[in-house]
Amino acid sequence: MPGLQSKNLKVNYKEEELEVLKVFFSNPGGNVFVLLDSLTPEMKAALVARYSRSNDLSMQKLFLREFYGDMELQLVQILANIYPNIYKDNNERVQKFNNRVLNEYGDDSVREIGAPIIGVEFIDQITTKKIEDSKLFSGIEKSTRYLDFSKGVKLNNNGEIIEYDENSRVYLYLVPEIIEESNYKNMYESTLDELFEFYKKLEAEVFKKLKEENPLENQKFPSSYEKDELISYDKLSEEEKEAAKKAYDQALMTQTHDVCRNILPMATLTNLGWSSNFREVGEKIAEMLADKNKEVNKVGDEIYKQLKFYAPTLINWIELEHGKEYINNIKMRKELDPLVERYLNDAIKEYQETNDIKYSDEDIKLLRDEYENDAEVEFVTSILYPFSSLDYKELEKVVKSNKELQNVTIDWVKKLRGDNRRNKLPDAGENVGIKIEFNIPISIWRDLQRHRNLTQLRQEYTIFNGYEIPEKVEEIGYGKEFMDKIDAVNNLYIALHSKEKTRPYAQEVVTFSHKIKTVFTADLKEWTWMIELRTSKQGDPRYVKLMRELYEKIVKEMPFAEKIMAHVNKGDNNNDNDDNLGRLYSLYRNMKRKNT
């Protein structure tokens, strides 16, 4: 069956729905839009949050179904209709002033005041990660952990999307225009169709296996009275059993999706809610317009058009001379300078004459050896510095000479952490840097990539770093079929990569099971937060295992970290059932609150 071209990615709306939507969205019925100020900030936040866990095809469909009709919104709608031009700045003098300040003077800090919330829909994973690759990114995309991505869609006669259809074989993945016009179109679509059909098959079998391993009757649930007390299913009231059953099914499905999502390709379409300021979003648009991938260019251009409609003076610098120069500079960075490339190749060749270049298959490499200072001394010195009158270097000497001082300070920090991981490490932890190189499946990297308080470098999505088959897939006897699907993907990737025109689009077929090489540089405070968060029971069991391994590596290098990383769920990486149905407790509490 054919995939979907970007020109056909449009949801069908009734005329009366579009009339309602135009009050609240800059582009009623469109895939890229801005949430207008006729929605309160609280309502915008609620809509974006609900969006990430909703099966609705569009944020605007979700809005019509769940939000429109609320009394507060009806009042806002009336006000917006009374003052239809309230969002238009028709004052010529103000427009000239804004243009002069923003464009002639280029004051980026002024652009940081404006903060639109943007919806970007039916975009592939490559474009999604392009948008998200920023320390300042703040947003939520549709969750591959909580939602079923194998559903097909029904189209009308114009090729517009009407609704999900379980029986349809038109799946939500992108067929780039370049692929559509190439000789690889049929190979591309048939290969990706098979991935989504395999997802469906896996979903049923993995869910069945997890249910057999974790019967509802064997589960325990949080007491209504004591947070830490657990009671068995048979002792729950009828109302509590109803909540427990719903939570149980959701917990099973979450773990099922943790397994199944590994077969999804980077061409998988998703929706994104994005809150940003005009400085950050402008720079991101420039990056997208400079990209070699035309599909990324198209989305970047559409975001620009919608923001220009919403607040032209805050974004139109992109069209001006310095904006064009900025975009050209980004394009130059995409290609290694020929002189540098020649020197690099010569240096590698010269090095190989006397040394072996080793390609490690380790999932995690701790690159701590680049730092000269003793980590514990540096951490303790940073803790004590605000309480001392000594120069930093002199205090460092004092700390280094007194092991007892180091020990009691570390014990005090442990005490400060208390019983809650939200009592974060003091800011002194930011003075101890740690660089980690990962070679991990994209499915795991996606969750780690969401952390913003660090510097991320990554290589492109490729098949050449290998891939990982989830253990549950092997357990249900589908390991061989999984490998066959990956072999087909690898062959398609090599075919696309062999031609210059289609090379940028080879990454579309890389699956979430393929590994990506990436380097994260962060301080001890951020690593502590990340490891404690990502070893909690709610996480994908595979990244829980990965974070436990990272914790062990850090503690081996810096033993004092064992005390201050006080809320790591150390568990047992050799016991697959150690964390049981990870999200069961929190889901059960949520269900009880809903019932109440």
Side-chain angles (χ1 to χ4, degrees), residues 5-7 9 26-27 30-35 59 108 111-112 114-142 173-179 266-312 314-335 446 449-450 452 456-461 501-508 510:
Q5 299 175 45
S6 54
K7 64 183 179 182
L9 297 173
S26 69
N27 186 18
N31 291 345
V32 176
F33 47 85
V34 174
L35 277 66
M59 182 189 285
D108 287 335
R111 293 191 182 93
E112 291 176 0
I117 294 182
I118 307 164
V120 191
E121 299 182 338
F122 300 113
I123 54 172
D124 65 349
Q125 301 295 312
I126 291 171
T127 306
T128 302
K129 296 307 162 192
K130 172 67 70 174
I131 292 172
E132 292 177 347
D133 271 347
S134 168
K135 284 184 178 180
L136 298 178
F137 174 79
S138 180
I140 309 176
E141 65 174 287
K142 273 185 174 287
Y173 66 80
L174 178 67
V175 182
E177 189 177 328
I178 295 295
I179 300 293
M266 294 300 288
T268 303
L269 295 167
T270 190
N271 296 342
L272 180 73
W274 176 20
S275 173
S276 184
N277 64 62
F278 277 93
R279 177 181 181 178
E280 195 269 337
V281 75
E283 292 175 356
K284 183 57 66 177
I285 290 171
E287 286 181 33
M288 297 175 76
L289 295 177
D291 202 273
K292 291 182 178 180
N293 188 318
K294 292 184 184 297
E295 302 297 331
V296 175
N297 300 157
K298 284 191 280 188
V299 176
D301 186 57
E302 186 60 26
I303 294 171
Y304 173 64
K305 287 178 182 176
Q306 294 307 313
L307 289 175
K308 190 177 178 183
F309 166 83
Y310 179 62
L314 290 170
I315 199 69
N316 63 6
W317 65 271
I318 289 176
E319 291 183 20
L320 302 180
E321 195 59 37
H322 70 276
K324 294 175 182 177
E325 288 176 5
Y326 186 78
I327 293 171
N328 286 334
N329 185 264
I330 296 173
K331 288 180 179 179
M332 288 170 60
R333 299 180 191 197
K334 302 285 183 184
E335 298 285 348
R446 283 169 49 84
Q449 183 252 359
R450 292 168 57 191
R452 300 286 158 223
Q456 300 184 33
L457 301 173
R458 64 172 172 82
Q459 297 177 356
E460 69 174 26
Y461 311 109
K501 191 173 182 180
T502 56
R503 189 170 298 142
Y505 306 93
Q507 297 181 81
E508 297 280 4
V510 174

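The chain is numbered in sequence order, starting from 1. None of the values given here were measured: they were computed from a predicted structure. Every heavy atom of this structure was used, including side-chain atoms; hydrogens, water molecules and symmetry mates were not.
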So, do Tyr505 and Ile126 sit near enough that their side-chain heavy atoms are less than 4.5 Å apart?
no
Close side-chain approach of Ile123 and Leu269, heavy atoms under 4.5 Å:
no
Would you say the side chain of Val120 lies within less than 4.5 Å of the side chain of Ile303, judging by non-hydrogen atoms?
yes
So which atom in Asp301 and which in Leu289 form the shortest heavy-atom distance, rounded to 0.1 Å?
N-CD2, 3.8 Å
Which of Leu272, Val281, Ile131 passes side chain to side chain contact (heavy atoms under 4.5 Å, CB included) with Ile118? It is Val281
Please test Arg446 against Glu141 for side-chain contact (heavy atoms from CB on, under 4.5 Å), starting from the C-alpha separation and ending with a verdict.
CA-CA 11 Å; Arg446 283 169 49 84; Glu141 65 174 287; 3.3 Å; yes
Closest contact, heavy atoms only, Glu280 versus Ser134
OE2-OG, 3.1 Å
Distance-only side-chain donor-acceptor flag, Thr270 / Gln125, under 3.5 Å
no
Step by step, would you call Trp274 with Ile117 a side-chain contact (heavy atoms from CB on, under 4.5 Å)?
CA-CA 6 Å; Trp274 176 20; Ile117 294 182; over 6 Å; no
Glu177 atom CD, over 12 foreign heavy atoms within 6.0 Å:
no
Which residues satisfy the salt bridge (charged side-chain N to carboxylate O under 4.0 Å, His left out) test with Glu319, sequence neighbours excluded?
Lys308
Heavy atoms of Ala286 and Ile327 approach each other most closely as CB-CG1, 3.8 Å
Walk me through whether Glu121 and Lys142 qualify under salt bridge (Lys or Arg N to Asp or Glu O under 4.0 Å).
CA-CA 10 Å; Glu121 299 182 338; Lys142 273 185 174 287; over 6 Å; no
Do Glu287 and Asp133 touch side chain to side chain, with heavy atoms closer than 4.5 Å?
no
Do we see a donor-acceptor contact under 3.5 Å between the side chains of Gln507 and Asn293?
no
If you round to the nearest 0.5 Å, how far is CZ of Arg333 from CD of Glu335?
14.0 Å
Heavy-atom check, side chain of Phe137 versus side chain of Ser276, under 4.5 Å:
no
Backbone N or O of Glu508 within a donor-acceptor pair of the Tyr173 side chain at under 3.5 Å?
no
Nearest non-hydrogen partners of Gln306 and Ser26, listed with the distance:
OE1-OG, 3.0 Å
Student check: side-chain heavy atoms of Val299 and Met288 closer than 4.5 Å
yes
Pair Glu132, Thr128 - check side-chain contact (heavy atoms from CB on, under 4.5 Å), show working.
CA-CA 6 Å; Glu132 292 177 347; Thr128 302; 3.6 Å; yes
To the nearest 0.5 Å, tell me how far Glu283 CD sits from Asn277 CG.
8.5 Å
CA sep, side-chain torsions, deciding dist, call: Thr127, Leu174, side-chain contact (heavy atoms from CB on, under 4.5 Å):
CA-CA 11 Å; Thr127 306; Leu174 178 67; 5.9 Å; no
Can you label the angle between the Tyr326 ring and the Trp317 ring as parallel, tilted or perpendicular, going by 30° and 60°?
perpendicular
Of all heavy-atom pairs between Phe33 and Leu35, which one has the smallest distance, and what is that distance?
CE1-CD1, 3.9 Å
Are Lys130 and Glu295 ion-paired here, with the side-chain N under 4.0 Å from a carboxylate O?
no
Within 6.0 Å of CZ in Arg452, more than 12 heavy atoms from elsewhere
yes
Below 4.5 Å, heavy atoms only, C-beta onward: do Glu302 and Asn27 meet side chain to side chain?
yes
Given Lys331 and Asp291, is the salt bridge (Lys or Arg N to Asp or Glu O under 4.0 Å) satisfied, shown in steps?
CA-CA 7 Å; Lys331 288 180 179 179; Asp291 202 273; over 6 Å; no
Considering all heavy atoms of both residues, which atom of Phe122 and which atom of Leu9 are nearest to each other, and what is their separation?
O-CD1, 3.8 Å
